[in-house]
Trainee: 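Below is one structure. I have some questions about it.
This structure is a prediction, so every number in the text was calculated from the model and none was measured.
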Amino acid sequence: MDKNINLETIDEVRAEALRELQDISSLSKLDEWRVSYLGRNGSLTNILRKLGSVPLENRRQIGATANQAKLLLEEKLDHHRNLLANAKTSSESEDDVLDVTLPGWPLSNGNLHPSTKMLREITKAFSSMGFQVQEGPEIEWDRYNFDLLNIPSDHPARDMWDTLWLDYTDKHGNTPMLLRTHTSPMQARIMENAKPPIRVLVPGKCYRYEATDSTHEWQFFQVEGLAIGEGITFAELKGTLYEFVRCIFGDERKIRFRCDFFPFVEPGVDMSISNFVDPETGKRPIDYNQDWIEILGAGMVHPNVLKNIGYDPDVYSGFAFGMGVERIAMLKYGIDDIRLFYSNDLRFLEQF
């Protein structure tokens with residue numbers, strides 16, 4: 001019989017393994033113990049491998065004793081592993097116990113987005129002058145976005161609006177649906193369903209297929225204003241917009257009108273205000289080389305637009321205007337990059 005394989009050797013290995021197991025307090029050490037005794041080259045595994053060298057008359061007894069020792073160690077291994085795992089869970093649970101006497105985490109208050117805040121200020125200014133607020137669809141028909149506004153399909157003025165057309169074609173092969181390029185389509189929609197006098201303000205999102213930079217975005221908010229009635233003159237347009245600038249920017253801002261072209265108004269103008277000067281630095285954060293900054297386009301509603309809707313231009317007249325909400329916010333708060341409005345940067349948004 002192999003001198004290294006006998007009942008005493010098995011008893012010694014088993015006793016030593018059980019003794020070491022009692023002192024193990026971590027799962028990593030337990031795994032080392034398993035490898036040492038039950039692994040491929042473990043002490044007990046080597047005994048089982050050498051059973052072939054044991055004389056036949058002793059092999060059965062020694063083999064049975066070695067297998068019993070292996071089963072015992074495996075059972076003790078599983079039991080000890082469960083004890084360590086439960087102890088770890090209990091320890092973690094104690095560490096995670098909620099102490100109700102501790103103060104809670106502070107919650108930050110949400111703020112209005114600067115575009116929303118500016119939009120509400122604009123709406124409030126015109127509402128105080130008798131304008132009612134209405135909204136319209138962002139997906140618009142070509143008929144309302146262009147045709148009814150005196151911009152037929154062959155009109156070169158369509159180049160002024162870089163349009164995002166939708167993947168839709170009617171039975172005539174036309175592509176009449178788009179993401180609205182301005183809020184002006186609501187002029188036609190409102191006049192189709194109402195009789196003068198009309199005083200409406202239309203806020204909403206608009207879209208243009210153009211490159212973005214510090215002063216241009218492919219998406220932006222716009223506010224459209226429309227007034228229709230008998231005897232409305234350009235003087236009333238100027239008075240309305242003067243009052244708006246005073247409400248938003250204060251009495252110190254100067255205002256300038258210049259002739260401009262828009263297909264749906266005649267005459268058309270752009271309105272500018274004196275540039276913003278930071279009182280702390282004395283500098284102009286926006287277009288610092290310009291004394292005047294354009295903020296909106298306006299004019300008297302074109303007679304063709306009134307005719308397209310079914311109004312008699314000899315009886316009714318009116319004015320319309322449109323402005324970019326982000327542009328107004330940039331001028332009021334000294335913001336030098338329109339892309340900040342849509343960057344979702346909390347360092348910017350938390351300032352408002």
Trainee: Any side-chain heavy atom of Trp165 sitting closer than 4.5 Å to one from Met177?
Mentor: no
Trainee: If only side-chain N and O atoms count, and only distance matters, is there a donor-acceptor pair under 3.5 Å linking Asn82 with His79?
Mentor: no
Trainee: Taking all non-hydrogen atoms of both residues into account, name the closest pair between Trp33 and Leu21 and its distance.
Mentor: NE1-N, 3.9 Å
Trainee: For the residue pair His113 and Phe341, categorise the inter-ring angle as parallel (less than 30°), tilted (30 to 60°) or perpendicular (more than 60°).
Mentor: tilted
Trainee: Please walk me through it: do Glu192 and Arg143 pass salt bridge (Lys or Arg N to Asp or Glu O under 4.0 Å)?
Mentor: CA-CA 13 Å; Glu192 272 187 344; Arg143 175 171 177 265; 3.1 Å; yes
Trainee: Check the surroundings of atom CD in Gln132: do more than 12 heavy atoms from other residues, nucleotides or ligands lie under 6.0 Å from it?
Mentor: no
Trainee: Within a radius of less than 6.0 Å around CD of Glu75, do more than 12 heavy atoms belonging to other residues, nucleotides or ligands occur?
Mentor: no
Trainee: Is there a continuous path of hydrophobic side-chain contacts, each under 4.5 Å between heavy atoms, that joins Leu30 to Val35?
Mentor: no
Trainee: Has the side chain of Tyr311 got a donor or acceptor atom that lies under 3.5 Å from a matching backbone atom of Met191?
Mentor: yes
Trainee: Judged by atom type as modelled, is there a donor-acceptor pair below 3.5 Å linking the side chain of Asp31 to the main-chain atoms of Leu27?
Mentor: no
Trainee: Got a sec: does the CZ of Arg120 have more than 12 other heavy atoms crowding it under 6.0 Å?
Mentor: no
Trainee: Heavy-atom count check: over 12 atoms from other residues, nucleotides or ligands less than 6.0 Å from Tyr168 OH?
Mentor: yes
Trainee: Ignoring hydrogens, what is the shortest heavy-atom contact between Ile190 and Ile198? Give both atom names and the distance.
Mentor: CG2-CG2, 4.1 Å
Trainee: How far apart are the closest heavy atoms of Glu135 and Val202, and which atoms are they?
Mentor: CA-CG1, 4.5 Å
Trainee: Apply ring-ring contact (aromatic ring centres under 6.0 Å, His included) to residues Phe220 and Tyr207 and explain how you reach the verdict.
Mentor: CA-CA 7 Å; Phe220 54 92; Tyr207 306 88; 8.0 Å; no
Trainee: Between the side chains of Gln187 and Tyr144, does any donor sit under 3.5 Å from an acceptor?
Mentor: no
Trainee: Would you call the rings of His182 and Phe146 parallel, tilted or perpendicular if under 30° counts as parallel and over 60° as perpendicular?
Mentor: tilted
Trainee: Taking the six-membered ring for Trp, is the centroid-to-centroid distance between Phe126 and Phe321 below 6.0 Å?
Mentor: yes
Trainee: Would you say the side-chain atoms of Ser214 and Asp336 include a donor-acceptor pair closer than 3.5 Å?
Mentor: no
Trainee: Going from CD1 on Ile273 to CD1 on Ile295, what distance comes out if it is rounded to the nearest 0.5 angstrom?
Mentor: 5.0 Å
Trainee: Could you go through Glu326 and Tyr342, starting from their C-alpha distance and side-chain angles, then the distance that decides it, and tell me whether this counts as side-chain hydrogen bond (donor to acceptor under 3.5 Å, both in side chains)?
Mentor: CA-CA 10 Å; Glu326 286 81 10; Tyr342 300 99; 2.6 Å; yes
Trainee: Show the nearest heavy-atom pair for residues Gly136 and Met186, with the distance to one decimal.
Mentor: CA-SD, 3.4 Å
Trainee: For the residue pair Lys205 and Phe221, would you count it as a cation-pi contact if the rule is NZ or CZ under 6.0 angstrom from the ring centre and within 45 degrees of the ring axis?
Mentor: yes
Trainee: Under 3.5 Å, is there a donor-acceptor pair linking the side chains of Thr212 and Glu217?
Mentor: no
Trainee: According to the interplanar angle, ranging from 0 to 90°, do the rings of Phe264 and Phe262 count as parallel (below 30°), tilted (30 to 60°) or perpendicular (above 60°)?
Mentor: parallel
Trainee: Between CD of Glu138 and CG of Leu179, what distance do you get to the nearest 0.5 Å?
Mentor: 8.0 Å
Trainee: Ile248 and side-chain contact (heavy atoms from CB on, under 4.5 Å): which partner among Arg253, Glu243, Lys332?
Mentor: Lys332
Trainee: Tell me the closest heavy-atom pair linking Ala227 and Arg199, and the distance in Å.
Mentor: CB-CD, 3.7 Å
Trainee: Are there more than 12 heavy atoms of other residues, nucleotides or ligands under 6.0 Å from atom CD of Gln61?
Mentor: no
Trainee: Drop me the distance from Arg256's CZ to Asp270's CG, to the nearest 0.5 angstrom.
Mentor: 7.0 Å
Trainee: Output, in order, the C-alpha distance, side-chain angles, deciding distance and verdict of side-chain hydrogen bond (donor to acceptor under 3.5 Å, both in side chains) for Glu224 and Ser184.
Mentor: CA-CA 6 Å; Glu224 186 84 10; Ser184 300; 3.1 Å; yes
Trainee: I'd like to know if the side chain of Thr183 pairs up with that of Gln222 as donor and acceptor (distance under 3.5 Å, no hydrogens or angles considered).
Mentor: yes
